[in-house]
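A quick write-up on the structure given underneath.
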Amino acid sequence: MPELPDVEIFKQEAEKALHKRIDNVEIKDSDFVQATQQEFEKHVIGNELQEVWRKGKYLFLETGNQSTVVLHFGMTGLLKYAPETEEPTRYVKLTLELDNKNHLHYICKRKLGSIEITGDSGKYTDQLDLGTDAFQIGEDEFKEKLKASQATIKSFLMDQSTISGIGNVYSDEMLYQSGIPPTIKSSKLSGKKIRRLYKKMKRVLKMAIDKEADVSQMPKTWLLPNREEGGDCPRCDGKIKKVRVSGRTAYYCPSCQQK
DNA sequence: CATAATGTTTAAGA
DNA sequence: GTCTTAAACATTAT
């Protein structure tokens, strides 16, 4: 589930290839990879991986001369760094072959997600229209944006053009831990709840990254490991409910989460 | 077999 | 212009 914490882990995976030269590129699914072999030859092959950075759910691989590989992971994408002797077989869309006999693979079961190359990453990111990264945003900006919104709070958190990086699963988690129902209007939140949500947003993201975005490592008192209809709420006697909010499935505890 | 699934984009309606 | 829904994308898991 590639949201901000997952992509942050992919960033760490890509950083294993930092300062290695990219000797070759294998496009394994040309339907999926937007860039052509020629573009990889021009922008990537023969260059070192100089820097890896993330904004929201996007990951950027800088390969010098203002060349950037832009990755989005859709719902099922991931990165894997492995020796050339341990090739993954299924769902590989792209492989970067490094000069140390290791490979960086982009793997995706489904076709939601993208791989592109740009010669102007500034212009490219502007076009993506991403709001401030959820891990970077300050409390004042958060408060201001929230008060200006007419949307429900869950919708607000997931809107990538306002704040980037938060998706369906982690928005549920933040709202659960803040005791806020997902369908309440953002503008109706009390100052106290806004403050609480801001703090929980940061804490949930940080903890999730510390736990390598691995659900099995998350605290049992979190919603995440209990995210199913009718499941027991880990913090009260209530049962977890499922509702549709902004086209997605939200899980919450009606008794813990009240305005 | 039918259904829902972590995301984004687009279109249409309120 | 804002916000919400639904559909589409392709494939897997239940």
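Atom set for the values below is all heavy atoms of this structure, side chains included, hydrogens, waters and symmetry mates excluded. Letters A, B, ... are given to chains in the order of the sequence lines, protein chains preceding strands, and every chain is numbered from 1.
- For the pair A:Thr76 and B:dG7, the criterion of a side-chain N or O lying under 4.0 Å from OP1 or OP2 is not met.
- The environment of A:Lys145 atom NZ is dense: over 12 non-hydrogen atoms of other residues, nucleotides or ligands sit within 6.0 angstrom.
- Applying the side chain to side chain donor-acceptor pair (under 3.5 Å) test to pairs two or more places apart or on separate chains, those with a residue in residues 187-196 of chain A are A:Glu139-A:Arg195.
- Using modelled atom types, one finds a donor on one side chain and an acceptor on the other under 3.5 Å when comparing A:Asp214 with A:Ser216.
- Evaluation of the salt bridge (Lys or Arg N to Asp or Glu O under 4.0 Å) rule for A:Arg54 yields A:Glu8, A:Asp133 as partners, not counting sequence neighbours.
- Interatomic distance, A:Tyr58 OH to A:Leu128 CG, rounded to the nearest 0.5 Å: 4.5 Å.
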Practice item. Using a 4.0 Å heavy-atom cut-off, write out nucleotides 9-14 of chain C from 5' to 3' as B (base contacted by protein), S (sugar-phosphate only) or - (no contact). Key: BBBSS-
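- Note: A:Leu189 CG to A:Leu197 CG = 7.0 Å, rounded to the nearest 0.5 Å.
- A:Gln34 places its CD atom 13 Å from the C1' atom of B:dT8, with the value rounded to the nearest Å.
- Classification of A:Lys57 and A:Asp6 as a salt-bridged pair fails, no side-chain N sitting under 4.0 Å from a carboxylate O.
- Looking at every heavy atom in both residues, A:Asn168 comes nearest to A:Arg227 through ND2-NH2, 3.6 Å.
- A 4.5 Å side-chain heavy-atom check between A:Thr162 and A:Leu146 finds every atom pair outside the cut-off.
- Sorted by first and then second residue, the side chain to side chain donor-acceptor pair (under 3.5 Å) pairs with a member in residues 228-237 of chain A read A:Asp232-A:Lys239; sequence neighbours excluded.
- Separating the CD atom of A:Glu173 from the P atom of B:dT6 is a distance of 14 Å, rounded to the nearest angstrom.
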Check your understanding: For nucleotides 9-14 of chain B, read 5' to 3', which letter fits each nucleotide if B means a protein heavy atom sits under 4.0 Å from the base, S means only the sugar-phosphate is that close, and - means neither?
Key -> ------
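- Looking at A:Asp120 and A:Thr118, their side chains never bring a donor and an acceptor atom within 3.5 Å of each other.
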**Study point:** side chain to side chain donor-acceptor pair (under 3.5 Å) assessment of A:Asn226 paired with A:Lys220
**Key:** CA-CA 8 Å; A:Asn226 303 283; A:Lys220 296 205 166 48; over 6 Å; no
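- Protein atom CD of A:Glu229 is 10 Å distant from nucleotide atom P of B:dA5, rounded to whole Å.
- The CD1-C1' distance, from A:Ile163 to B:dG7, rounds to 17 Å in whole Å.
- With a 6.0 Å radius and a threshold of 12 heavy atoms from other residues, nucleotides or ligands, A:Glu41 has its CD atom above the threshold.
- Within the structure, a side-chain polar atom (N or O) of A:Tyr251 is placed less than 4.0 Å from OP1 or OP2 of B:dA5.
- When the P atom is used for both B:dT8 and C:dG1, the distance is 23 Å, rounded to whole Å.
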Side chains of residues 240-251 of chain A: which donor-acceptor partners sit under 3.5 Å, not counting sequence neighbours?
residue  : atom : partner  : partner atom : Å
A:Arg244 : NH1  : A:Thr249 : OG1          : 3.4
A:Arg244 : NH2  : A:Gly247 : O            : 2.8

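- Of the side-chain N and O atoms in A:Lys57, none sit less than 4.0 angstrom from OP1 or OP2 of B:dT6.
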Check your understanding: Just the dot-bracket of DNA chain B, please: which string comes out with Watson-Crick or G-U pairs under 3.5 Å, [ ] for crossing, | for another strand?
Key -> .||||.||||||||
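- Remark: A:Tyr252 pairs with no residue by the ring pair (Phe, Tyr, Trp, His ring centres under 6.0 Å) rule, at least two apart or across chains.
- Among the atoms of the strands shown, base atoms are found under 4.0 Å from some heavy atom of A:Arg248.
- Look at A:Arg244 and you'll find a side-chain N or O under 4.0 angstrom from OP1 or OP2 of B:dA5.
- Taking atom CZ on A:Phe32 and atom P on B:dG7, their separation rounds to 15 Å, with Å as the unit.
- Going from atom CD of A:Glu3 over to atom P of B:dA5 covers 14 Å, rounded to whole Å.
- Every pair passing salt bridge (Lys or Arg N to Asp or Glu O under 4.0 Å) that includes a residue from residues 86-105 of chain A is listed here, sequence neighbours excluded: A:Asp29-A:Lys93.
- Taking A:Phe40 as the reference, nothing meets the ring pair (Phe, Tyr, Trp, His ring centres under 6.0 Å) condition, with sequence neighbours excluded.
- The phosphate of B:dG7 has neither OP1 nor OP2 within less than 4.0 Å of any side-chain N or O from A:His72.
- The stretch residues 144-160 of chain A touches DNA chain B through A:Gln160, each having a heavy atom under 4.0 angstrom from the strand.
- Near DNA chain C, defined here as any heavy-atom distance below 4.0 Å, there are no residues from residues 177-188 of chain A.
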